[in-house]
2 protein chains.
Amino acid sequence: MAASIKDVAKLAGVSIATVSRVLNNVDVVNDDTKKKVQDAIQALSYRPNIVARSLKTQRTKTIGILIPDISNQFYPEVVRGAEDVANIYDYNIILCNSDTDLDKEKEYIKVLKEKMVDGMLYMSSQLDPEILDLIDELELKTVLVETKAPGKKHPSVTIDNRKAAYDATKYLIDKGNKRIAYIGMKKDRKNAVAKRYEGYEKALKDNDIELDPDLLYYGDLKAPAGYKGINVILENGSIDAVFCASDEIAMGAINALRDKGIKCPEEVDVIGFNDIYEASIFYPKITTIAQPMYDMGSVGMRMLIKIINNKPLDEEQYELQYHLVERDSVK
Amino acid sequence: MAASIKDVAKLAGVSIATVSRVLNNVDVVNDDTKKKVQDAIQALSYRPNIVARSLKTQRTKTIGILIPDISNQFYPEVVRGAEDVANIYDYNIILCNSDTDLDKEKEYIKVLKEKMVDGMLYMSSQLDPEILDLIDELELKTVLVETKAPGKKHPSVTIDNRKAAYDATKYLIDKGNKRIAYIGMKKDRKNAVAKRYEGYEKALKDNDIELDPDLLYYGDLKAPAGYKGINVILENGSIDAVFCASDEIAMGAINALRDKGIKCPEEVDVIGFNDIYEASIFYPKITTIAQPMYDMGSVGMRMLIKIINNKPLDEEQYELQYHLVERDSVK
DNA sequence: TTGTACGCGTTATCAT
DNA sequence: ATGATAACGCGTACAA
């Protein structure tokens with residue numbers, strides 16, 4: 001077993017209380033005894049047991065991060081941003097992949113609570129009320145990332161998905177496109193992606209373009225959905241452009257177009273969403289809405305740490321800026 | 001404060017020992033009293049405090065994962081594989097990004113030890129002896145992923161990078177290519193990527209192709225390195241093909257070629273390494289060596305959990321199979 | 001079958 | 001300035 005505070009105390013010839021004091025730099029302790037203690041710590045290469053400390057102090061210096069899936073292009077950046085600031089403040093993160101499965105999410109949240117995490121960053125494309133209830137019941141300090149809760153009760157960091165999608169669609173319209181397809185997820189959910197659909201819809205409406213149900217395709221956010229979407233939509237006629245709810249969809253869509261001998265952007269404009277790294281490497285380089293993914297993580301973590309330390313928040317529901325990145329998939 | 005085992009005991013009218021027994025399903029406890037306890041647990045929506053339990057049992061049911069950078073395409077898959085099996089066995093993971101910085105790695109390892117993780121998965125493109133020493137000194141149960149330690153002392157899961165690179169280069173040679181460039185990292189390091197260079201070198205040698213230093217470019221594993229590499233190499237003459245130490249390098253290289261009006265694969269063959277998701281979406285789809293990234297994580301975690309539970313390992317240094325995925329970047 | 005009491009490694013209060 | 005000692009919440013000998 002590793003050396004404990006007792007061993008240090010014994011070797012230094014002092015009480016454990018004194019050792020604890022020099023360890024935490026608290027109270028005043030005689031320089032000589034301090035030195036003795038430090039020597040003993042050195043000699044035993046003693047390191048405090050944080051689990052024991054946590055039990056006493058009721059704070060573990062670890063934070064839970066609940067995401068759908070780390071292997072999904074969007075989240076690594078967010079997690080990295082979060083971990084970076086966590087690290088600055090001496091927190092560690094417990095990573096949990098939920099696959100957006102409600103039961104799995106609830107189970108993870110409970111375990112996180114049992115492990116006494118100081119707080120949680122919760123990310124999910126959809127936000128079930130049950131989750132909010134559970135968070136409240138457990139009194140688990142939480143910041144929502146990517147989704148906003150109705151009401152002002154839960155702190156969050158998001159972007160304005162609706163407006164961003166509106167801007168993207170408007171951009172397509174301004175380029176002279178009329179028949180603009182949408183590939184994304186069903187709109188009947190209360191989530192970030194649904195808001196993108198709303199933005200798309202409103203942009204059409206505001207510009208007197210009639211919504212054509214044949215130009216809509218719902219799948220997930222992955223590339224195959226984009227590929228399939230194009231194939232399905234093109235069965236019903238031609239299109240001028242397509243708004244994709246993710247960059248991966250855009251990549252799949254462009255590949256489908258290419259396989260059909262249709263050139264992007266010459267014949268069909270394609271716009272993506274998120275600005276994942278590969279969007280700038282793809283051919284053609286993808287025009288897209290850039291979400292500040294790293295910042296969403298770091299800002300979210302900053303907020304959470306403030307909450308944990310009972311500091312006031314500048315803003316309860318933080319809305320970050322997105323921007324449209326003009327590249328080569330729109331002419 | 002949340003309900004503790006005492007509260008449950010009091011409400012159920014039994015001792016905390018009894019509560020603990022039903023909690024852990026240990027010893028025999030009367031059905032009636034068991035029911036009383038369970039009711040009390042329900043009533044108080046009691047959940048055991050794992051921190052306290054850990055202090056007592058000396059196991060935290062959490063495992064540290066140390067990686068260079070989660071936002072680097074390679075690791076999310078590995079981490080996902082690891083977390084999935086961790087979850088099966090009721091472990092959680094603490095994720096640490098080291099940026100391959102030795103000091104940061106050492107600091108993280110110490111903190112993980114302080115937090116009493118039951119074990120660690122260590123990944124890094126390079127493996128410093130100091131790390132091995134620290135792991136030994138701390139007696140931290142560890143499985144190395146991606147890199148193998150000299151000697152049989154440390155368990156690891158890897159692929160045969162040297163042979164894989166050999167195969168890839170041989171494949172290029174068999175396609176009739178002579179002037180084959182290499183874009184990767186310097187070979188003077190003892191790491192996985194260095195082995196890829198060795199494989200490249202040996203394949204040339206075995207096929208009587210002289211190594212041309214002008215055809216070598218060293219950078220990192222990112223796309224810009226591939227882009228720059230092509231530009232630098234082409235200043236010294238033409239090439240038939242290029243072996244890239246990562247898929248991202250391959251993407252950068254292909255983009256550079258395209259910008260120079262050189263077609264891939266018609267004029268220059270390009271082969272990548274890893275088979276990250278985007279390799280199959282890129283245009284042209286990238287021919288590459290597929291590393292079983294998810295499996296590296298899951299197998300590594302399985303090994304680690306066995307070690308933690310003092311079960312024997314089938315193999316100390318596990319070598320996983322790679323395979324060459326033929327796609328469109330090689331004609 | 002159940003209860004008492006100790007200890008896991010800390011921090012913090014109260015004396016001295 | 002320093003030392004005893006009581007928690008923190010739990011598991012587990014040992015007793016009963």
Side-chain angles (χ1 to χ4, degrees), chain A residues 1-38 40-41 44-62 90 110-118 138, chain B residues 1-38 40-41 44-62 90 110-118 138:
Chain A
M1 191 93 78
S4 84
I5 198 172
K6 274 187 200 163
D7 304 315
V8 177
K10 192 177 298 176
L11 182 59
V14 299
S15 73
I16 60 168
T18 304
V19 177
S20 178
R21 282 193 260 268
V22 343
L23 235 43
N24 299 298
N25 253 326
V26 83
D27 291 355
V28 194
V29 28
N30 187 298
D31 280 353
D32 290 349
T33 56
K34 176 184 279 185
K35 173 118 183 41
K36 280 194 295 184
V37 170
Q38 283 164 337
I41 288 176
L44 299 171
S45 62
Y46 163 79
R47 307 217 108 218
N49 181 316
I50 302 191
V51 173
R53 173 180 293 170
S54 296
L55 183 59
K56 181 63 192 172
T57 62
Q58 302 291 349
R59 32 177 25 238
T60 53
K61 280 288 192 175
T62 113
D90 295 320
K110 288 177 188 170
V111 171
L112 253 17
K113 180 65 185 185
E114 291 176 353
K115 292 207 172 173
M116 278 182 58
V117 294
D118 296 337
L138 263 30
Chain B
M1 190 92 76
S4 84
I5 198 172
K6 272 188 201 162
D7 304 314
V8 177
K10 190 177 297 175
L11 183 58
V14 299
S15 73
I16 62 167
T18 303
V19 177
S20 177
R21 289 199 208 17
V22 343
L23 233 44
N24 299 298
N25 253 326
V26 84
D27 291 356
V28 194
V29 25
N30 188 298
D31 279 354
D32 289 350
T33 55
K34 177 183 278 185
K35 173 119 183 35
K36 279 193 296 185
V37 171
Q38 283 165 338
I41 288 175
L44 298 172
S45 61
Y46 163 79
R47 305 217 110 219
N49 180 318
I50 302 192
V51 173
R53 174 180 292 172
S54 297
L55 184 58
K56 181 66 191 172
T57 62
Q58 300 291 349
R59 30 175 31 236
T60 52
K61 281 288 191 175
T62 112
D90 294 320
K110 288 177 187 168
V111 171
L112 288 174
K113 180 67 186 184
E114 291 176 353
K115 293 206 172 174
M116 277 181 58
V117 294
D118 295 336
L138 263 30

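The structure presented is a predicted model; accordingly, all values stated were derived computationally and were not measured. Side chains are part of it too, since the values below use all heavy atoms of this structure and drop only hydrogens, waters and symmetry mates. So you know, we letter chains A, B, ... as the sequences are listed, proteins then strands, and number each from 1.
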Between A/D31 and B/K56, who's closer to the 5' end of DNA chain D by nearest nucleotide?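 The residue mapped nearer the 5' terminus is A/D31.
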At what distance, to the nearest 0.5 angstrom, does CD of B/Q38 lie from OG1 of B/T33?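 One gets 9.5 Å once the value is rounded to the nearest 0.5 Å.
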Would you please confirm or rule out a distance under 4.0 Å between OP1 or OP2 of [N] and any side-chain N or O of [X]?
X	N	value
B/N24	D/dG11	yes
A/K34	D/dA1	no
B/S15	C/dG3	yes
A/Q58	D/dG9	yes
B/T33	C/dT2	yes
B/R53	D/dG11	yes

Output yes when a side-chain donor or acceptor of [X] lies under 3.5 Å from a complementary backbone atom of [Y], and no otherwise.
X	Y	result
B/T57	B/R53	yes
B/D27	B/R21	no
A/K115	B/K61	yes
B/K113	B/L138	yes
A/D7	A/A3	no

If you look at every strand shown and take non-hydrogen atoms under 4.0 Å, does [X] touch a base, only sugar-phosphate, or nothing?
X	answer
A/V14	sugar-phosphate
A/V51	nothing
A/R47	sugar-phosphate
B/I16	base
A/T57	sugar-phosphate

Once you round it to whole Å, what is the distance between [atom2] of [N] and [atom1] of [X]?
X	N	atom1	atom2	answer
A/K61	C/dT10	NZ	P	17 Å
B/D7	D/dC8	CG	P	10 Å
B/K36	C/dG3	NZ	C1'	13 Å
A/N49	C/dC8	CG	P	12 Å
B/M116	C/dT10	CE	P	10 Å
A/R21	C/dT10	CZ	P	16 Å

Quick check for you: among [options], whose closest atom lies nearest to any side-chain atom of [X]?
X	options	value
B/I5	D/dG9, C/dT10, D/dC10	D/dC10
A/A17	C/dT11, C/dA12, D/dA1	C/dA12
A/A52	D/dC8, C/dT10, D/dT2	C/dT10
B/N30	C/dT10, C/dT2, D/dT2	C/dT2
A/K6	D/dC10, D/dA4, C/dC8	C/dC8

